[in-house]
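Note sheet for the following structure.
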Amino acid sequence: MKDFYLEILHVDKNSGARYGYLHTPHGKVEVPMFMPVGTLATVKTLSPEELKEAGAGVILANTYHLSLRPGEDIVKKAGGLHKFMNYDGPILTDSGGFQVFSLAEKRKITEEGVTFKNHLNGEKRFFSPEITIEIEEKLGADIIMSLDECVHYPADYSYMKDSVERTLRWAKRGKDAHKREDQALFGIVQGGEFSDLRKYCAEELVKMDFPGYSIGGTSIGEPKEVMFQMIRDTTPYLPLDKPRYLMGVGSVDAILEGVGDGVDMFDCVLPTRIARHGALMTSKGRVNIRDKQYEEDFTPLDDACDCYCCKNYTKAYLRHLYKCEETFGKRLLSIHNIRFLIHLMEEIRLAIKEDRFLEFKDAFLKKFNSVKGF
RNA sequence: GCGAUUGUGGUGAAGUGGUUAACACAUCUGGCUGUGAACCAGACACGCGUGAGUUCGAUUCUCAUCAAUCGCC
C-alpha cells in the first residue's frame, strides 16, 4: 500500500489539529477535508466537473446501495467506479455498516454477517465482512470501509460491548479477506458513548494495523456534547501518522470540534440533502431559501462565498426555483453548500498552518451562529 | 324574460339538524448528519353567498334575495 499514506506537514501548536496531504492512487488531497457523499455513484444533482470546481477531493459511494443497483459486477465491467461515474479523484466506499443502522427494521445481524431485506423488492441479501470486501474490491474505490455495526443511540452497555467485539472480529475477517494492494482498508471504531469501549475498540484495531481509522457511531441522534466526547475518547488511541475519519459528520460546529481533536476526514449528506430541501449554510448561519423574506431579495445567498451559485444568482431567483421545484435550483443550492464546507476546510487548513486554529474556530462559530446556526 | 342546476378557506372540493367543518393542492414556518430522503413535521375556514324564518340548536330544513353555469324564447 505504498500509494496510500498520510503526510503531515504541520500540527497546530495549540490544539490537535493537523494539516497535510493524504496520498491516494488517484492523487493527493489536503487534509483536514470534507468529502461529499455520492451514495449511488453520484453526488445528487452535481456533475464531477462541478464537484471539482467546488474543490472536492475524495467523494463517497456506498457498497450496499451499489451492490443492489447496478450491482458490483456491472461496475467492474465498466472499468471500476472511477470510470463508471467519470470521477478521476479519490473515491471512498462505505461498507453498508450505516445501513445496519438506517435500515434497522430490515436487517438481521448474526456472527456471520448481516442479512438485509432489500428495500427495493424485499429480496434477502446477505453481507458478511468477506463479501463486503469482495464487493468493494470490484467497485474499486481508493479507500474502503470494513463492515461494522453502527449501533443506535442510546444503547445499553452490554449490547454495545458485544457489538464492539463483533465489529472487531468483522474488521479482522475483512482485513484477512482484502487482497487488492491499491485500496486502503479502514477499521471503524465503535463503542457508543462508553469511554472504555471506545478506547478498547481503538486499541484492538490499531493492533491489526490498518492504513486508516474511522470513528463511527456518530451523528445518529446523540447530543452534540456526547458526540464530542466520543471523539475525545477515541483519537488519543489512534496512531498519529494514520488518517482519522469521523464518519457522517458535516455540521459546522462538529467539524471544527473534530479538527481540533486531530480528525482529518469528514463526510456527510447534510450539505446536499438540506440543499435539496431549501436549507443553506452561509457564513452568517442557516438560511431557508423558501422563506418569504427572500421573495424580493436580489442579493447573493452569501456574499462571502465564491461559488458558482453565489457569483451568479440572487436569493429571489433561488427561492423562485425552489418554489417551482426546478431541478436547477437544487443543483445551485447543492453547489453552494458543498462549496461552503469545502471552503471552510480551506480556511481551517490555512489557520492550522498559521497556528491560529482555535482563534479561527471561535471567530467562525460566533459569526456562523449570529443569525441561526445548525 | 322563463326554466334548471349550483353556491363551503387562496384553489379543488367532502360533509353533518347538535363537541375541534374531512382530504388534497397552494401559502407560511420548522427540521434534516457514513442518503430507503426533490423528504418529514407543524400552522392555516369563530365560519359553509346574503337576509329572514322553523327549531332547544342550522353550514345542513323553509322562504326571499343575489351570483354563476346551462338550456329555451
Side-chain angles (χ1 to χ4, degrees), chain A residues 34-45 58-66 68-69 91-107 116-122 125 132 141 143-151 153 186 188-190 213-224 226-227 230 245-255 257-258 263 265-281 286-295 319 321-334 337 341 372-374:
Chain A
F34 176 76
M35 310 181 287
V37 180
T39 304
L40 286 162
T42 171
V43 176
K44 294 187 193 303
T45 77
V58 179
I59 61 171
L60 260 72
N62 184 277
T63 304
Y64 169 80
H65 288 290
L66 288 176
L68 298 186
R69 287 185 304 190
I91 298 176
L92 181 157
T93 43
D94 185 29
S95 61
F98 183 72
Q99 281 61 45
V100 174
F101 162 78
S102 63
L103 302 176
E105 62 302 337
K106 298 206 172 300
R107 53 75 174 159
F116 285 99
K117 200 178 220 180
N118 180 338
H119 65 272
L120 300 165
N121 61 15
R125 210 38 214 286
T132 299
I143 304 168
I144 66 177
M145 294 295 126
S146 56
L147 183 64
D148 66 329
E149 179 187 358
C150 181
V151 181
Y153 175 90
F186 279 31
I188 305 176
V189 180
Q190 290 290 345
Y213 299 90
S214 301
I215 302 170
T218 43
S219 55
I220 50 171
E222 79 283 13
K224 282 276 167 64
V226 172
M227 183 208 288
M230 289 171 174
Y245 162 28
L246 181 57
M247 306 185 83
V249 168
S251 62
V252 168
D253 55 348
I255 286 176
E257 190 71 19
V263 173
M265 307 159 66
F266 302 84
D267 83 284
C268 198
V269 304
L270 194 65
T272 42
R273 179 182 291 170
I274 67 176
R276 274 177 277 122
H277 298 163
L280 294 313
M281 299 172 175
R286 181 187 180 111
V287 164
N288 285 343
I289 200 64
R290 51 190 179 225
D291 287 359
K292 193 170 180 59
Q293 64 178 121
Y294 304 118
E295 192 173 32
R319 179 176 195 268
L321 292 181
Y322 182 85
K323 298 294 258 185
C324 298
E325 296 181 52
E326 283 294 337
T327 307
F328 187 48
K330 296 178 200 310
R331 200 164 116 219
L332 288 174
L333 298 178
S334 295
N337 272 354
L341 283 184
K372 182 167 54 175
F374 273 84

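Each chain gets a letter, A, B and so on, in the order its sequence line appears, and its residues count up from 1. Both backbone and side-chain heavy atoms feed into the values below; hydrogens, waters and symmetry mates do not. No experiment lies behind these values; they were computed from the predicted model shown.
- The minimum heavy-atom distance linking A:Ala254 with A:Met227 is given by the pair CB-SD, 3.8 Å.
- Base pairing of B:U69: its partner is B:A4, meeting the Watson-Crick or G-U wobble criterion (both donor-acceptor distances under 3.5 Å).
- The residue A:Glu326 sits apart from the nucleic acid: no heavy atom pair falls under 4.0 Å.
- Ring orientation note: the planes of A:His119 and A:His65 are nearly perpendicular, at an angle over 60° on the 30°/60° scale.
- Taking only side-chain nitrogens and oxygens, A:Arg273 comes nearer than 4.0 Å to OP1 or OP2 of B:U33.
- Under 4.0 angstrom from either OP1 or OP2 of B:G31 there lies at least one side-chain N or O belonging to A:Arg286.
- In this structure, A:Leu103 reaches the bases: a heavy-atom distance under 4.0 Å links it to at least one base atom across the strands shown.
- When heavy atoms are screened at a 4.0 angstrom cut-off, A:Gly96 is found touching no nucleic acid atom at all.
- Side chain A:Thr272 to base B:U35: a donor-acceptor pair is found below 3.5 Å.
- In this structure, A:Asn62 reaches the B:U35 phosphate: one of its side-chain N or O atoms is under 4.0 Å from OP1 or OP2.
- Applying the 3.5 Å distance criterion, the base of B:G34 shares a donor-acceptor pair with the side chain of A:Asp148.
- Residue A:Lys330 is classed as a base contact, given a heavy-atom separation below 4.0 Å to a base.
- In terms of phosphate contacts, A:Thr39 brings a side-chain nitrogen or oxygen within less than 4.0 Å of OP1 or OP2 of B:U35.
- For the pair A:Ser219 (side chain) and A:Gly248 (backbone), a donor-acceptor distance under 3.5 Å is present.
- A residue-by-residue look at A:Val37 and A:Thr327 shows that A:Val37 has its nearest nucleotide of RNA chain B further toward the 5' end.
- Contact annotation: A:Ser251 does not reach the phosphate of B:U33 (side-chain N/O to OP1 or OP2, under 4.0 Å).
- To the nearest angstrom, P of B:A37 lies 11 Å from OH of A:Tyr64.
- The phosphate of B:G34 has neither OP1 nor OP2 within less than 4.0 Å of any side-chain N or O from A:Gln99.
- The aromatic ring of A:His65 does not sit over the base of B:U35; the criterion of centres under 5.5 Å apart with planes under 30° is not met.
- Phosphate contact (OP1/OP2 of B:U29, side-chain N/O of A:Gln293, threshold under 4.0 Å): absent.
- Within 4.0 Å of A:Glu222, counting heavy atoms only, lies no atom of the nucleic acid at all.
- No contact: A:Leu246 has no heavy atom under 4.0 Å from any strand.
- Scanning both residues, A:Phe186 and A:Met145, for their nearest heavy atoms gives CB-CE, 3.5 Å.
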